[in-house]
Asker: 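Dropping the structure in here first, questions after.
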Amino acid sequence: MSDFTDKDILIAFRDENSRNYAFNLLVKKYQQTIYYHIRRIVIDHDDTDDLVQNTFVKIFEHLKDFREDAQLYTWIYRIATNEALAFLKTKRNRSFVSFNDVEHQMSNSLKESQFYNGDEIQLKLQKAILTLPEKQRLVFNMRYYDEMKYEDMSAVLETSVGALKASFHIAVKKIEEIITEH
Amino acid sequence: MKNSEDIFNEIREISPYLAGLKKENSFQASDEYFDGLSSRIQQKISAEKKEVKTFSLLSYFKQPQWAVAASLMIILSISVVYYYNHKHNQPQSLAENSNIYWDEILNDNNTIIDRIDENMLVDMLANESNSTNFQFKNTINKADKAVLEDVSNYVDSKYNNDVFNEL
């Protein structure tokens, strides 16, 4: 599957005869990355499943118009991130609860979830991450777990590299503080 | 790999404690989930295509500018229909009515006068002239009495001889 570059997939997608095949390749290539990226934002598996599907549906609808002045990888990440953040925003507005309440709910659901298998220290780490402001949380996850370069993160989040580095630094410090205090 | 090392060093500089933690993915999703994901997405795309075809017109009017335009068209249509209905159902003026009435009388081939039975009219006048309907005669004044008598005599003289004899 990894034999196909993004360029190959794009060329195949633009041909109507091979569009479905190319799209299938693209899903297989990015499905795990996108799933875990969204999962770390919304925590719940079922919500993540819906959002992953919506993300790929949007990718299918707009891929033929994709301009190659950006990387396909960062473009896909951006769509997934926007989907997840829009979902959280809707969830907060619908239930009239604050940012902290939603994050608190997600934190509580972590251990109860059958799709979570972290040990005690990993659970502490995840709960600490959930206390961070939304932007810092995104930056921490994308750097720590996804090992994304600052330049790519800058393209996804439309933030300068300097600001991202500062956000990551603050996030790491806060997480250490929360874990060691509790 | 270079990027992973860079990130590890970056974290170690900020927080040696966090750098010392084992990095693992605690979130689970089964292999079966990923095996079927692509086909589920394809199904969703096909379903949405059908939905878009069916509801494309409806979604068109969900856009505010088209919704306003459609509303204005509906209001305008109702106003026009109401205006014409109101105009046609409005009672016509007396003058217009009387014109129509006289037009009908004058132009209609089967007018009221045509429909009167001439024989019946003659009978009535003859009976009137010979009757002893004092009640009627007493209610009219003398001048009218004279006129009536003249009419009665005229009818008698004109019809008694020929019409009544025929009967």
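Since the structure is predicted, the reported quantities are computational estimates derived from the model, not experimental observations. In the text below, chain A, chain B and the rest are named by the order of the sequence lines, each starting its count at 1.
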Asker: Can you see which heavy atom on A/K149 is nearest to which on B/N3, and at what distance?
Answerer: CG-OD1, 3.8 Å
Asker: Any donor-acceptor pair under 3.5 Å linking the side chain of A/Q122 with the backbone of B/K22?
Answerer: yes
Asker: Salt bridge between B/E10 and A/K165, side-chain N to carboxylate O under 4.0 Å?
Answerer: no
Asker: Would you say B/K23's side chain and A/Y145's backbone share a donor-acceptor pair under 3.5 angstrom?
Answerer: no
Asker: Under a 4.5 Å cutoff for heavy-atom pairs, which residue among A/T48, A/D49, A/L26, A/V27 has the most contacts with chain B?
Answerer: A/D49
Asker: Quick check: does any side chain N or O of A/N24 sit under 3.5 Å from a backbone N or O of B/S38, one acting as donor and the other as acceptor?
Answerer: no
Asker: Walk me through whether A/H45 and B/F27 qualify under side-chain contact (heavy atoms from CB on, under 4.5 Å).
Answerer: CA-CA 9 Å; A/H45 167 78; B/F27 294 105; over 6 Å; no
Asker: For A/E61, is it the side chain, the backbone, both, or neither that has a heavy atom closer than 4.5 Å to a heavy atom of chain B?
Answerer: side chain
Asker: Measure across A/K173 and B/I14 and return the closest heavy-atom pair with its distance rounded to 0.1 Å.
Answerer: NZ-O, 3.2 Å
Asker: Donor-acceptor pair, A/R39 side chain versus B/A29 backbone, under 3.5 Å?
Answerer: no
Asker: Determine whether B/F34 and A/K28 satisfy the following criterion, side-chain contact (heavy atoms from CB on, under 4.5 Å), listing intermediate values before the conclusion.
Answerer: CA-CA 8 Å; B/F34 289 115; A/K28 294 280 182 200; over 6 Å; no
Asker: Go through the steps to decide whether B/N25 and A/R40 satisfy the test side-chain contact (heavy atoms from CB on, under 4.5 Å), and finish with yes or no.
Answerer: CA-CA 10 Å; B/N25 183 12; A/R40 286 188 197 102; 4.0 Å; yes
Asker: Could you give the distance from CZ (A/F60) to CD1 (B/I45), rounded to the nearest 0.5 Å?
Answerer: 5.0 Å
Asker: Give a yes or no on whether the backbone of B/L37 and the side-chain of A/Q31 come within a donor-acceptor separation of less than 3.5 Å.
Answerer: no
Asker: Taking all atoms of both residues into account, what is the closest heavy-atom pair of B/L21 and A/Y144, and its distance?
Answerer: O-OH, 4.3 Å
Asker: Using the rule that Ile, Leu, Val, Met, Phe, Trp and Tyr join whenever any side-chain heavy atoms are under 4.5 Å apart, tell me whether B/F8 and A/L125 fall into a single cluster.
Answerer: no
Asker: What's the verdict on side-chain contact (heavy atoms from CB on, under 4.5 Å) for B/I11 and A/F168, showing C-alpha distance, side-chain angles and the deciding distance?
Answerer: CA-CA 9 Å; B/I11 294 170; A/F168 184 68; 3.7 Å; yes
Asker: Where does A/Y30 contact chain B at under 4.5 Å (heavy atoms): side chain, backbone, both or neither?
Answerer: neither
Asker: Before we go on, tell me: are the rings of A/Y35 and B/Y33 under 6.0 Å apart, centre to centre?
Answerer: yes
Asker: Between atom CD1 of A/I179 and atom OG of B/S15, what is the distance when rounded to the nearest 0.5 Å?
Answerer: 8.0 Å
Asker: Is it the case that atom CD in B/Q65 sees more than 12 heavy atoms from other parts of the structure closer than 6.0 Å?
Answerer: yes
